[in-house]
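First the proteins, then the strands, lettered A, B, ... as listed; each starts at 1. It should be emphasised that the depicted structure is a prediction, and the values quoted were computed from it without experimental measurement.
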Amino acid sequence: MINLMLITALTLFGVAILIALVRIILGPSLPDRVIALDMIGVNLLSGIAIISVLYQTKAFLEAILILGILTFISTIAFSKYLERGVIIERKRKR
Amino acid sequence: MLLLIETWIDIIVNLIIVLLLLAGTFFILSSSIGINRFPDVYTRLHAATKASTLGIAGILIGAFLFLYVSESIISGKLLLAILFILLTNPVSGHMISRAAHKAGVKPVTKHQKDAYEEAIQQYKSSR
């Protein structure tokens with residue numbers, strides 16, 4: 001019963017990733033695509049949490065932490081690229 | 001899941017864990033639908049940051065409770081992940097909205113009014 005519920009939750013995460021993929025393909029501007037990529041990261045992270053409950057293991061918890069950090073850093077890098085055109089700013093003396 | 005059900009308190013703990021996981025799944029699925037349904041970037045950010053933060057906090061708290069009850073592990077990594085997501089998700093939403101405004105995405109409003117642009121012009125004229 002509860003196993004069936006967890007597998008249903010995993011299927012719903014797959015559907016959510018597909019819906020976000022539609023927004024990545026259709027999105028009219030670049031920030032829409034960045035938002036949808038962030039959404040895919042969130043879906044993967046919660047899917048890993050459900051899998052670790054399903055298999056009764058603690059081996060995947062590092063993956064949750066690292067995936068959260070990578071999603072945040074990629075979103076920040078994309079938004080800095082959108083805002084300034086460069087990601088890492090260097091100050092030059094002229 | 002696979003907890004042995006012996007007393008009524010085990011049933012209540014199982015029920016709390018399953019409710020947290022299902023509520024988190026519902027919020028994440030609805031935020032992913034909201035990304036497709038809203039009209040522009042600034043309203044899509046409402047769905048993408050707020051609902052997904054709530055859903056992911058619910059799922060991670062459910063997994064933490066499950067690991068604590070079934071295997072008696074207090075996992076600091078899950079607590080750290082919850083804290084980190086609560087800190088970073090609003091920051092990334094703010095950065096995306098400011099970058100979208102600077103990249104020139106127009107908001108879809110009823111009266112075509114852009115309060116942030118008016119504030120920028122007011123600040124520039126006051127300097």
Chain A interface, residue from B:I59, B:N36, B:I96 that has the most non-hydrogen pairs under 4.5 Å: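 Ranked by heavy-atom pairs under 4.5 Å with chain A, first place is B:N36.
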
If you count heavy-atom pairs within less than 4.5 Å of chain A, which of B:S30, B:S92, B:S52, B:G55 leads?
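Highest number of pairs under 4.5 Å: B:S92.
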
Examine whether an atom of [X] lies under 4.5 Å from a heavy atom of chain A, and if so say whether it belongs to the side chain, the backbone or both; otherwise answer neither.
| X | answer |
| --- | --- |
| B:L67 | side chain |
| B:I85 | side chain |
| B:I56 | side chain |
| B:I73 | side chain |
| B:S75 | side chain |

Name the atoms and distances for all side-chain donor-acceptor pairs under 3.5 Å in residues 64-72 of chain A, with sequence neighbours left out.
from	atom 1	to	atom 2	distance (Å)
A:T71	OG1	A:L67	O	2.7

Hydrophobic cluster identity match, [X] and [Y], side-chain contacts under 4.5 Å:
| X | Y | answer |
| --- | --- | --- |
| A:F78 | B:I35 | yes |
| B:F64 | A:I48 | yes |
| B:M95 | A:L30 | no |
| B:I61 | B:L79 | yes |

Once rounded to the nearest 0.5 Å, what's the spacing between atom [atom1] of [X] and atom [atom2] of [Y]?
| X | Y | atom1 | atom2 | value |
| --- | --- | --- | --- | --- |
| B:L45 | A:I35 | CG | CD1 | 4.0 Å |
| A:L82 | B:R98 | CG | CZ | 12.0 Å |
| A:K58 | B:L78 | NZ | CG | 11.5 Å |
| A:N43 | B:I28 | CG | CD1 | 6.0 Å |
| A:E83 | B:H101 | CD | NE2 | 11.5 Å |
| B:T25 | A:M5 | OG1 | CE | 11.0 Å |

query: B:A99 and A:S79: which non-hydrogen atoms are nearest, and at how many Å?
result: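 Of all heavy-atom pairs spanning B:A99 and A:S79, the closest is CB-O, 3.4 Å.
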
Check: What's the shortest heavy-atom distance between B:E71 and A:T57, and which atoms?
Finding: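 What the structure gives for the nearest pair is OE2-N, 4.5 Å.
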
* Dump the intermediate steps for side-chain contact (heavy atoms from CB on, under 4.5 Å) on B:N89 and A:D38, then the final yes or no. => CA-CA 9 Å; B:N89 226 343; A:D38 193 13; 4.1 Å; yes

### 4.5 Å side-chain heavy-atom contact, B:F66 and A:Q56
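Yes - at least one pair of side-chain heavy atoms lies under 4.5 Å apart.
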
>> Less than 4.5 Å to any heavy atom of chain B: does that hold for the side chain of A:S29, its backbone, both, or neither?
In response: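 Just its side chain gets close to chain B.
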
Does atom [atom1] of [X] have more than 12 heavy-atom neighbours, drawn from other residues, nucleotides or ligands, at distances under 6.0 Å?
| X | atom1 | value |
| --- | --- | --- |
| B:Y42 | OH | yes |
| B:E118 | CD | yes |
| B:Y68 | OH | no |
| B:I74 | CD1 | no |

Check: A:A16 main-chain N/O paired with B:S32 side-chain donor or acceptor under 3.5 Å: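 Flag set: sc B:S32 to bb A:A16 pair under 3.5 Å.
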
Quick one: of A:L45, A:I40, A:I50, A:I17, who has the most non-hydrogen atom pairs under 4.5 Å with chain B?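 Of the options given, most contacts go to A:L45.
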
Write out all pairs satisfying salt bridge (charged side-chain N to carboxylate O under 4.0 Å, His left out) with one or both partners inside residues 42-53 of chain B, taking only residues at least two apart or from two chains.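 For residues 42-53 of chain B, and leaving out neighbouring residues, the salt bridge (charged side-chain N to carboxylate O under 4.0 Å, His left out) pairs sorted by first residue read A:D32-B:R44.
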
